[in-house]
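Written below as structure tokens is the structure these notes are about.
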Amino acid sequence: MKLVVTEKNDAAQQIARLLANAGKPKQDKVYDTPVYRFTVDGEEWVNIGLRGHILAPDFARELHYSKKEGWTAVTAEGEILPASLPDTLARPPYDTKRKPFLKDGVDIKGWKVPSLPYLIWAPIEKQPAEKGIIRALKNLAKKADSIVIATDFDREGELIGSDALRQMREVAPDTPVSRARYSAFTKPEIEHAFNNLVDLDQNLADAGESRQYIDLIWGAVLTRYLTMARFGGLGNVRSAGRVQTPTLAIVVEKERERNAFVPEDYWVLSGALAPKGSDDDGFKVTHATARFTDEQKANAAFDHVRDAKVATVTNVERKSRTNKPPVPFNTTSLQTAAAAEGIGPARTMRLAESLYMDGLISYPRVDNTVYPKSLDLKDVVKTLSAVPQYRPVCTDLLSKASLTATRGKQETTDHPPIYPTGAADPDKLEGPAWRLYNLIARRFLATLSEPSVTESTKFSFDVEGEPFSASGTVLVKPGFRAIYPYGMKKDEQLPALEVGDSCDVRKMDLEAKQTEPPARYSQGRLIAEMEKRGLGTKSTRASIIQRLYDVKYLKNDPCEPSQLGMAIIDALTKYAPHITSPDMTAVLESDMTRVAAGEDTQDDVVRHSRTLLSGMIDALIEHKDDLGDAIADAVTADAKVGVCPKCGRDLVMKTSAKNRSSFIGCMGWPDCDVTYPVPSRVKVIPIEGEQGVCPVCGAPRIKCQPFRSRAYEICVNPACETNREPDVKVGECPVCAAAGKHGDLIAHKSERTGKRFIRCENYDVCSVSYPLPQRGELHATGETCPDCGAPIVEVVTQRGPWRICVNMDCPGKEKKAAAKGRGTSRKTKGGSKGTAKSSSKSTSKSASKGGKRSSK
DNA sequence: GCAAGGTC
């Protein structure tokens with residue numbers, strides 16, 4: 001039996017399909033891992049797909065951190081340093097007797113902390129990360145007569161293959177092993193690869209492993225340093241890494257530019273003209289000097305034209321422009337295009353993964369932007385014509401004798417560019433999933449379509465001796481724009497005018513303006529910038545940006561660094577500049593190339609990198625307290641929501657030690673006891689400037705962003721006049737009624753917590769109460785619930801009015817939930833955390849709504 | 001409670 005090991009399940013399946021020459025491959029499972037059995041010229045073959053890397057590098061066992069002991073470097077014997085270093089590693093070039101960082105073995109909240117200088121030189125081991133796959137792999141390797149490593153044809157692929165081989169060698173030490181190298185899933189390419197097997201390139205695998213080690217060493221050492229410099233509490237990691245830190249630096253650099261920006265005054269003289277005698281509002285004209293930097297000159301020009309009645313056309317320029325259709329999508333261009341449509345890169349990849357698994361799009365991690373010859377374009381168009389929105393364009397394309405597709409600059413042959421492989425039903429996909437599919441399908445059709453032609457017109461005018469101009473652009477031949485409207489500008493139509501025609505001057509205005517600072521990066525542009533600077537790969541960029549948000553270095557979209565993010569970059573730029581620059585990646589790349597070429601060894605390259613970091617650790621440790629203070633200040637600044645109306649100190653977001661809920665508290669505590677509640681399940685965004693102070697009570701106003709609904713602003717003080725709501729009678733108290741007395745049920749808003757709830761008017765003696773939705777206008781209906789007898793209230797929100805029985809335990813609710821839950825279970829599985837949470841409420845509705853909205 | 005790289 002011949003065993004073929006690929007990098008992923010998808011590849012195992014494709015290779016089986018292409019090589020089987022006696023019937024279709026049979027799918028089987030070995031310990032839950034899918035494998036494909038088939039025969040080639042009478043020989044039995046088995047294909048197994050790994051899941052990327054199956055081993056993960058980590059520090060030697062005694063240096064592992066555990067939940068119980070934290071980041072300890074303490075051995076079982078209480079010894080700080082591991083007993084011995086592997087011979088291949090040099091002894092650390094530092095004095096082990098010197099005072100270590102955060103004194104070894106000192107307890108910090110129960111954690112023992114290792115010496116960082118030592119961690120740099122700590123031995124690294126590779127541990128199994130995919131135990132199920134490894135078991136299946138070994139099981140098959142034992143039975144195999146020969147083994148072919150057929151992982152992806154790149155550095156990481158060679159490393160994944162080498163790791164797999166190491167595992168197999170434990171059970172099959174003598175089985176012959178070879179390597180298949182292919183770069184496209186086509187029959188000739190795969191057959192050629194398997195007829196011309198080579199040996200595994202250990203140098204290339206070593207190059208990949210050096211990358212793993214260097215990333216781990218720098219990442220772990222600097223992350224531990226930043227995290228321990230000022231302990232931020234559980235869950236507050238301050239991370240650093242070869243890719244994430246330079247990426248953060250890019251965003252911080254832009255913010256610095258913005259902060260250093262000095263706005264300049266300029267003036268714009270513009271007005272409206274209309275063809276003589278017409279009665280429309282006219283079109284916009286601007287003075288030939290688009291920006292006056294001299295106020296006097298602007299005023300002088302304005303004085304000439306402010307009372308003008310007539311403008312004369314002095315010149316007409318018409319230009320027609322052909323716009324080429326876009327090129328096929330690869331991962332990066334999909335991410336940037338989706339980001340422009342409001343789907344962030346990380347979410348795009350999650351959605352793309354699930355569209356791929358559902359057979360709706362091709363493999364989403366690809367650099368290629370040229371469709372392979374083997375892809376039957378017409379066939380894809382035929383498939384897409386099943387989607388009503390695309391049918392007219394598909395019919396049009398299918399009527400052509402042949403189809404020509406655009407080509408991008410990057411051409412690789414491992415996977416085709418991202419294209420639709422199935423027809424989606426807008427009603428069956430959730431909103432964002434449909435929007436992404438729609439983008440991909442339309443992009444595909446656009447790459448096969450004609451160019452679009454726009455015609456732009458520029459009129460020049462004379463108004464009382466001052467030169468003015470107007471321009472407009474009109475789409476005269478839609479071409480690909482008929483199917484691909486993304487990022488399209490609106491038509492600006494100008495009337496038909498010729499030289500010598502005159503127009504009525506409708507108005508003239510002089511506007512004082514200021515130059516704007518450079519714009520922040522959108523997530524899409526940040527992805528593009530990372531690619532430009534060689535940071536990360538198509539598969540990692542989205543998650544790295546997400547990570548920067550998760551550790552609170554970045555906030556908002558477009559990307560804005562937090563004070564914490566700026567402080568981290570500040571400190572690292574000073575004491576470990578290497579990690580903040582993309583150069584580290586560039587140097588690593590050239591090192592890898594030398595290792596792969598056999599001109600350098602893994603040990604040398606890793607040792608050199610360790611030495612470099614060693615040289616920085618002294619300065620870092622020396623300034624640990626400065627950095628700790630800077631981090632603490634930055635975190636406080638990030639948490640600030642306003643100023644205490646009582647004592648004038650900062651009010652910050654705090655977390656209750658008791659139940660981990662958030663509240664706003666004064667930094668002056670315990671001298672000042674001012675606290676305010678915060679609505680639960682919302683993201684709190686401080687409001688800067690005057691708008692952030694309540695004009696009525698002086699407490700801060702904040703913006704609350706609930707998950708997936710509209711943000712609102714409130715004063716944080718629940719007792720404030722602006723938060724007061726009149727009590728509403730919503731029914732009668734059943735308990736009091738049973739006892740023979742009368743009690744109204746009142747909807748009431750607490751002045752202490754700001755929470756709205758229903759209580760019996762006899763609340764001093766009667767404990768009947770019900771919770772209420774916290775947002776929306778409340779109305780009594782006078783009705784009671786048929787299932788439980790509790791009052792029914794009406795709540796009016798932005799989505800419209802809805803009615804609800806106020807009893808949380810009402811038996812009627814379970815019935816409804818069960819009925820709703822059934823139809824949507826499929827969606828909650830593949831989606832994000834967020835979609836899972838909101839499943840029962842909004843899935844069915846948002847799916848159909850989203851479909852209609854984006855089917856332009 | 002560490003990175004970045006694969007893939008799910």
Side-chain angles (χ1 to χ4, degrees), chain A residues 6-12 32-34 49-59 63-73 108-111 113-114 116 119-120 122 124 126 129-130 132-133 151-152 154-164 205 207-228 231-247 331 349-350 352-354 356-358 363-365 415 530 535-548 550-551 579 584-585 588 592 609 613 829-830:
Chain A
T6 67
E7 188 159 320
K8 46 191 168 267
N9 180 45
D10 182 64
D32 262 3
T33 300
L50 306 175
R51 257 185 302 206
H53 292 285
I54 54 170
L55 302 181
D58 208 343
F59 296 115
L63 289 149
H64 273 192
Y65 61 84
S66 68
K67 272 195 179 155
K68 205 171 140 206
E69 297 183 67
W71 280 334
T72 176
I108 296 179
K109 301 216 172 173
W111 292 357
V113 180
L116 277 188
L119 192 66
I120 297 174
I124 292 174
K126 286 181 116 175
E130 295 284 349
I133 297 233
T151 46
D152 291 0
D154 54 28
R155 190 168 64 214
E156 295 295 330
E158 210 71 11
L159 173 58
I160 290 166
S162 158
D163 284 347
E209 200 165 66
S210 319
R211 199 265 319 142
Q212 284 189 322
Y213 288 1
I214 291 171
D215 282 344
L216 173 67
I217 294 162
W218 282 73
V221 167
L222 292 175
T223 300
R224 284 193 194 187
Y225 168 77
L226 293 172
T227 306
M228 302 315 291
F231 185 75
L234 233 67
N236 287 311
V237 183
R238 326 274 187 219
S239 63
R242 173 178 57 85
V243 177
Q244 61 167 268
T245 306
T247 303
T331 304
M349 292 319 285
R350 266 205 316 274
E353 185 70 40
S354 81
Y356 165 65
M357 293 313 266
D358 288 347
Y363 190 70
R365 280 180 290 270
H415 295 283
M530 289 172 78
L535 294 172
T537 73
K538 58 186 182 297
S539 317
T540 57
R541 289 185 195 113
S543 62
I544 281 165
I545 293 177
Q546 187 57 48
R547 168 105 189 133
L548 293 175
D550 290 346
V551 295
I579 196 74
M584 183 169 172
T585 296
L588 183 70
M592 299 304 94
S609 188
L613 181 56
K829 215 169 145 195

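Chain identifiers are assigned alphabetically (A, B, ...) following the order of the sequence lines, protein sequences preceding nucleic acid strands; residue numbering begins at 1 within each chain. Since the structure is predicted, the reported quantities are computational estimates derived from the model, not experimental observations.
- For the pair A:R541 and B:dG5, the criterion of a side-chain N or O lying under 4.0 Å from OP1 or OP2 is not met.
- Nearest to the side chain of A:E353, among B:dC8, B:dG5, B:dA3, sits B:dC8.
- To the nearest angstrom, P of B:dC2 lies 11 Å from CG of A:N236.
- Counting all heavy atoms, side chain and backbone alike, A:A12 lies closest to A:G49 at CB-N, 3.7 Å.
- Put simply, A:S539 has a side-chain N or O that comes within less than 4.0 Å of OP1 or OP2 on B:dG6.
- Separating the OH atom of A:Y356 from the P atom of B:dC8 is a distance of 6 Å, rounded to the nearest angstrom.
- With rounding to whole Å, A:R155 atom CZ is found 9 Å from B:dG5 atom P.
- For the pair A:H53 NE2 and B:dG6 P, the computed distance is 7 Å after rounding to whole Å.
- Here the closest heavy-atom approach between residue A:E7 and residue A:G157 is recorded as OE1-CA, 3.4 Å.
- Note on A:G536: only backbone sugar-phosphate atoms sit closer than 4.0 angstrom, heavy atoms only; bases stay farther off.
- Nearest heavy-atom pair across A:R155 and A:A207 is CD-CB, 3.9 Å.
- Listed pair A:Y363 / B:dT7 meets the phosphate criterion, a side-chain N or O lying under 4.0 Å from OP1 or OP2.
- Checked by distance alone, A:E130 brings a side-chain donor or acceptor within 3.5 Å of a matching partner on the base of B:dC8.
- What separates CD of A:E156 from C1' of B:dA3 is a distance of 12 Å, to the nearest Å.
- The side chain of A:R365 has B:dT7 as its nearest neighbour among B:dG6, B:dT7, B:dA3.
- The two residues A:T331 and A:R365 make their nearest non-hydrogen contact at OG1-CA, 3.3 Å.
- Closest approach to the A:R547 side chain among B:dC2, B:dC8, B:dG6 is made by B:dC2 (side chain taken as heavy atoms from C-beta onward).
- For A:R350, no side-chain nitrogen or oxygen approaches OP1 or OP2 of B:dC8 to under 4.0 Å.
- Between the side chain of A:R224 and the base of B:dC2, a donor-acceptor pair under 3.5 Å is found.
- For A:T151, no side-chain nitrogen or oxygen approaches OP1 or OP2 of B:dG6 to under 4.0 Å.
- In this structure, of B:dG5, B:dC8, B:dC2, it is B:dG5 that holds the atom nearest to the side chain of A:T537.
- Put simply, the residue from A:I579, A:L222, A:L548, A:L226 that forms a side chain to side chain contact (heavy atoms under 4.5 Å, CB included) with A:T245 is A:I579.
- For B:dA3, neither phosphate oxygen OP1 nor OP2 lies less than 4.0 angstrom from any side-chain nitrogen or oxygen of A:Q212.
- Between B:dC2, B:dG6, B:dC8, one nucleotide has an atom nearer to the side chain of A:T540 than all others, and that is B:dG6.
- The nearest whole Å value for the distance from the CZ atom in A:R242 to the P atom in B:dA3 is 13 Å.
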